[in-house]
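Protein chains get the first letters and strands the later ones, always in sequence-line order, with residue 1 at the start of each. Just so it is clear, the structure is predicted and the values come from calculations on it, not from any experiment.
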Protein chains: 2
Amino acid sequence: MFAFAHSHISGQGQYPHANDAHVPLPFGATSPQQTSFHAPGSEIYAQGEAAGNIYQVEFGAVRVYRLLSDGRRQISAFYMSGEVFGFEGDTVHHFFAEAITGTSIRSFRQSQLNDVSQFLLPITLRGLTRAQEHLLVLGRQTAAERVAAFLLDIARRQGGLEQVDLPMSRMDIGDYLGLTIETVSRVFSKMKEKGIIALPTLRTAEILKWKTLEAMSD
Amino acid sequence: MFAFAHSHISGQGQYPHANDAHVPLPFGATSPQQTSFHAPGSEIYAQGEAAGNIYQVEFGAVRVYRLLSDGRRQISAFYMSGEVFGFEGDTVHHFFAEAITGTSIRSFRQSQLNDVSQFLLPITLRGLTRAQEHLLVLGRQTAAERVAAFLLDIARRQGGLEQVDLPMSRMDIGDYLGLTIETVSRVFSKMKEKGIIALPTLRTAEILKWKTLEAMSD
DNA sequence: CGGGGGCTTGACGCACCTCAAGACAAGTGG
DNA sequence: CCACTTGTCTTGAGGTGCGTCAAGCCCCCG
């Protein structure tokens with residue numbers, strides 16, 4: 001559905017135009033907004049910063065995470081084309097948000113309530129549902145089940161095709177799933193070996209046996 | 001602050017009257033509502049059931065959870081006096097909700113929008129914040145850190161006193177923290193041995209060293 | 001006093017982590 | 001165009017934190 005450039009292509013002009021993302025935007029054009037481009041790894045907001053904007057990914061991908069004092073990281077969510085993030089219901093951010101690949105983002109001032117506020121409940125609900133889904137994964141599933149659930153989630157959000165774009169690194173995946181990069185890599189290898197998936201490039205997965213993956217993630 | 005009967009006291013007449021819970025209720029008395037009593041372990045709603053009510057705990061405690069097909073359980077949240085639950089933004093429930101101890105619950109019809117809907121965003125936001133907090137715990141913390149975070153969370157929600165009421169079983173705690181009952185029990189024992197907490201009864205904890213617990217949970 | 005569910009404790013096993021080496025891919029400069 | 005660099009990923013070997021299995025204890029209750 002979205003034929004975005006792979007994340008490791010970072011030269012300028014390699015990114016699709018904003019118009020290429022045929023995503024129904026939730027906010028009317030009447031709301032004050034602006035589009036900005038973020039280089040791979042660059043910060044969108046940081047924990048402790050003043051909040052007040054909400055953001056929509058035009059193309060690219062974003063990770064939102066928290067840190068423990070010793071550096072352990074938990075990515076609470078990834079956001080891809082069309083998805084909205086940044087609303088935490090407080091005047092201050094409790095998370096960090098970074099562009100994973102080169103990413104274009106629309107910002108909306110939350111204070112211009114009329115256009116935006118009616119979308120806050122559905123947006124927040126989607127976040128809650130995903131977070132609760134993810135609690136089950138982190139609390140009760142094995143490494144293989146976590147990776148299976150992850151692949152299916154990403155694939156569905158990209159339109160349900162077999163070809164899955166993985167803009168994030170193994171480290172990101174590990175920090176999302178509560179695993180180390182080695183474990184993620186080993187699970188990928190095992191799935192490849194069993195013919196469940198293929199890995200044409202490091203940042204692309206191909207789902208060969210949907211049913212098996214679905215049965216694994218239960 | 002809330003001097004509720006301990007959960008293992010389950011004889012009738014042992015429960016405080018509804019009026020004993022001096023909790024500011026979020027909804028005006030004009031909204032249609034009714035109060036019902038639930039025996040320990042009884043279902044409030046089940047996954048797949050039609051949704052449409054939201055609930056407020058008057059006294060007692062509630063667990064909300066999901067199951068995997070093989071029976072593994074993840075409790076996504078506990079709700080105690082004054083707290084609101086049951087809104088999932090769908091016409092059908094995706095979770096199970098059960099009374100842990102004898103519990104009194106007020107129901108509000110969500111369809112009578114005028115009184116209730118204005119509270120949905122703050123309620124949903126509180127749930128989202130807690131879920132995200134919990135993601136960090138489940139994804140990246142050790143058994144001892146999880147238990148420390150749990151005790152502090154419960155203690156703070158009960159008014160910040162040292163005496164903490166634990167209406168839920170070790171099994172419930174384990175299924176909330178992504179641990180087995182044995183591990184929960186071992187961590188409790190170790191904390192007791194180190195003088196961080198005391199366990200006057202099975203369902204009561206006393207926090208002796210707040211600072212230590214806080215340092216543990218980071 | 002006897003029964004039973006929940007809890008604790010111990011011994012052992014395993015899934016995942018840690019540590020380490022090497023492979024691979026992409027960019028860089030000569 | 002090819003050595004060299006750098007970062008990411010894969011694979012292996014060994015360690016460990018928590019799970020599993022099992023026995024016994026405690027508290028409550030009949």
Donor-acceptor pairs are to be reported for all side-chain atoms of residues 183-197 of chain A against protein atoms at under 3.5 Å, with residues two or more places apart or in another chain.
from: A:Thr183; atom 1: OG1; to: A:Thr180; atom 2: OG1; distance (Å): 3.1
from: A:Ser189; atom 1: OG; to: A:Ser185; atom 2: O; distance (Å): 3.1

List the atom pairs, with distances to 0.1 Å, where a side-chain N or O of residues 147-154 of chain A and a protein N or O form a donor-acceptor pair under 3.5 Å, not counting sequence neighbours.
from: A:Asp153; atom 1: OD2; to: A:Arg157; atom 2: NH1; distance (Å): 3.0

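A donor-acceptor pair shorter than 3.5 Å can be found between the side chains of A:Asp218 and B:Ser69.
Listed by first then second residue, pairs satisfying ring-ring contact (aromatic ring centres under 6.0 Å, His included) with a partner in residues 126-149 of chain A read A:His134-A:Tyr176, not counting sequence neighbours. Sequence neighbours left out, the pairs with a member in residues 127-137 of chain B that pass salt bridge (charged side-chain N to carboxylate O under 4.0 Å, His left out) are A:Arg66-B:Glu133, B:Glu83-B:Arg130. Screening residues 199-218 of chain A for ring-ring contact (aromatic ring centres under 6.0 Å, His included) gives no qualifying pairs among residues at least two apart or on separate chains.
For A:Glu88, the side chain to side chain contact (heavy atoms under 4.5 Å, CB included) partners are A:Tyr45, A:His93, A:His94, A:Phe95, not counting sequence neighbours. A:Thr129 meets the side chain to side chain contact (heavy atoms under 4.5 Å, CB included) test with no other residue; sequence neighbours excluded.
The overall bend of the helix from C:dC1-D:dG30 to C:dG30-D:dC1, read as the angle between its terminal helix axes built from five base pairs each, is 30° when rounded to 10 degrees.
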Q | Per-nucleotide protein contact string for nucleotides 12-26 of chain D, where B marks a base within reach and S marks sugar-phosphate only (heavy atoms under 4.0 Å, - for neither) | A | BB----SSBB-----

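The pair B:Asp175-A:Arg140 meets the salt-bridge criterion, with a side-chain N (NZ, NE, NH1 or NH2) lying under 4.0 Å from an Asp/Glu carboxylate O.
For B:Met168 and C:dC7, the CE to C1' distance is 16 Å, given to the nearest whole Å. The interatomic distance linking B:Asp172 (CG) with C:dG5 (P) rounds to 17 Å, in whole Å. Atom pair A:Lys192:NZ and C:dC24:C1' shows a separation of 12 Å (rounding to whole Å applied). Note: CD1 (B:Ile173) to P (C:dC7) measures 8 Å, nearest angstrom. Between the CG atom of A:Leu202 and the C1' atom of C:dC24 there is a distance of 8 Å, given to the nearest Å. Distance B:Arg170 CZ to C:dG5 P: 18 Å, rounded to the nearest Å. In this structure, B:Met171 places its CE atom 14 Å from C1' of C:dT8, rounding to the nearest Å. Atom C1' of nucleotide C:dT9 and atom CZ of B:Phe188 are separated by 16 Å, given to the nearest angstrom.
Taking only side-chain nitrogens and oxygens, A:Arg203 never comes nearer than 4.0 Å to OP1 or OP2 of D:dT8. Between B:Ser189 and the phosphate of C:dT9, there is a side-chain N or O to OP1/OP2 separation shorter than 4.0 Å.
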